[in-house]
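Keep in mind it's a predicted model, so treat the numbers as computed, not measured. All chains are named by letter (A, B, ...) in the order of the sequence lines, taking the proteins before the strands, and each is independently numbered beginning at 1.
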2 protein chains.
Amino acid sequence: MEILDLENFLPYRLYRLADAVSREFAGIYKDSHGLTRPEWRTLSGLGQHGTMTATALGEQSAMHKTKVSRAVAELERRHWLTRTPDENDRRVEHLTLTKAGLAAYGEMVPLAKAFERGLLAKLTAGERAGIINGVAALEVALYRPVEKQ
Amino acid sequence: MEILDLENFLPYRLYRLADAVSREFAGIYKDSHGLTRPEWRTLSGLGQHGTMTATALGEQSAMHKTKVSRAVAELERRHWLTRTPDENDRRVEHLTLTKAGLAAYGEMVPLAKAFERGLLAKLTAGERAGIINGVAALEVALYRPVEKQ
DNA sequence: CCAAACTGGTTTCATTTGTAACCATCGAAA
DNA sequence: TTTCGATGGTTACAAATGAAACCAGTTTGG
């Protein structure tokens, strides 16, 4: 019987690595501010782009709309963002960070960057380049071939 | 204010990629047999190693013991594995796939391998090498530096 | 011996997630 | 216009998850 070596199976390795990295990184938004990952991504998206709709947020940060919806609701509850109705389309709301939201964002960004730097610093230049464009290539590969349903 | 480019932030990219790959791959165990990821990993671990304890399974496949426990319970319910009490330590059980479990495993392995091959086939040799040892290097990096409490 | 600390594994409970249904609004076509 | 399909966003419900408590059974140290 043919067997599969899980330890060297790419989907598994990738997931395990991403999970481990993500768990480590979560310290920055979870332990210090009690944010979930969707909340962090929402904050991050708005911090980066200024104002976005929920749909745009979902696309930018690869989250399902229910995750976005819930994350936005929680950040609003904290008064970290506000909603402004669109003038032409009453279904749409534009989301913007408040001062408090921006402050939290501004505080976390340097930590996030330091985290990434710390990680990459342990690799050789070749390994860094390898993983960075390996990831990019795989993403392209994944979305080129099997167009989903 | 300093901003973070989420799209190029390694933890995010890595997670998004792993998630996408994992979702695609799930078709092989979920859509066809209704397995969850922990159940698939359990099946895979036992298929590969023959007989293991729950603890060993958890280590091998990076799962929390509750996940293992539940996955084992479900596979047992399907009669895909059996438990044999350890002779010396009555806390321990040795898990083994039944004929039915092995059959399912044997059916999925070629599909899993084909999936991985298909993915890697879309990369150049350099990209393949890059990502493979980039992942390995990152894992080492992650577990070397910040020894968790 | 016996208590205390530890280990393998399960269960409970709260939180997070995914799916699908839903509501409102909008745009296009009849 | 009216109707019908798409779209922005929320909600309800079921399933998956994580943390911590738990129940054996085992080891260690006094």
Run the side-chain contact (heavy atoms from CB on, under 4.5 Å) test against [X] and tell me which residues pass, sequence neighbours left out.
X        : answer
B:Lys113 : A:Glu2, A:Leu4, B:Val109, B:Arg117
B:Ala136 : A:Arg13
A:Ala20  : B:Leu142, B:Tyr143
B:His49  : B:Met52, B:Gln60

NZ or CZ of B:Arg37 within 45° of A:Tyr12 ring axis and under 6.0 Å: no
SB check A:Arg90 A:Asp86 (cutoff 4.0 Å): no
Which protein N or O atoms sit under 3.5 Å from an N or O of nucleotides 24-29 of chain C?
unit_1	atom_1	unit_2	atom_2	d
C:dT25	O2	A:Arg91	NH1	3.0
C:dC26	OP1	A:Asn88	O	3.4
C:dC26	OP1	A:Arg90	N	2.7

Pair listing, ring pair (Phe, Tyr, Trp, His ring centres under 6.0 Å) test, anchored in residues 80-126 of chain A, at least two apart: A:Phe25-A:Phe115, A:His33-A:Trp80
Residues forming a side-chain hydrogen bond (donor to acceptor under 3.5 Å, both in side chains) with B:Glu127, sequence neighbours excluded: B:Thr124
Positions of residues 57-77 of chain B (non-hydrogen atom under 4.0 Å from DNA chain D), listed by number: B:Thr66, B:Lys67, B:Arg70
DNA chain D contacts made by residues 33-56 of chain B, counting heavy atoms under 4.0 Å: B:Thr36, B:Pro38
Set of residues satisfying salt bridge (Lys or Arg N to Asp or Glu O under 4.0 Å) with respect to B:Glu7, sequence neighbours excluded: B:Arg16
Axis deviation across the helix from C:dC1-D:dG30 to C:dA30-D:dT1, five-pair ends, to the nearest 10°: 10°
Interface limits on DNA chain D, where chain A has a heavy atom under 4.0 Å of a nucleotide atom: D:dA6 to D:dG18
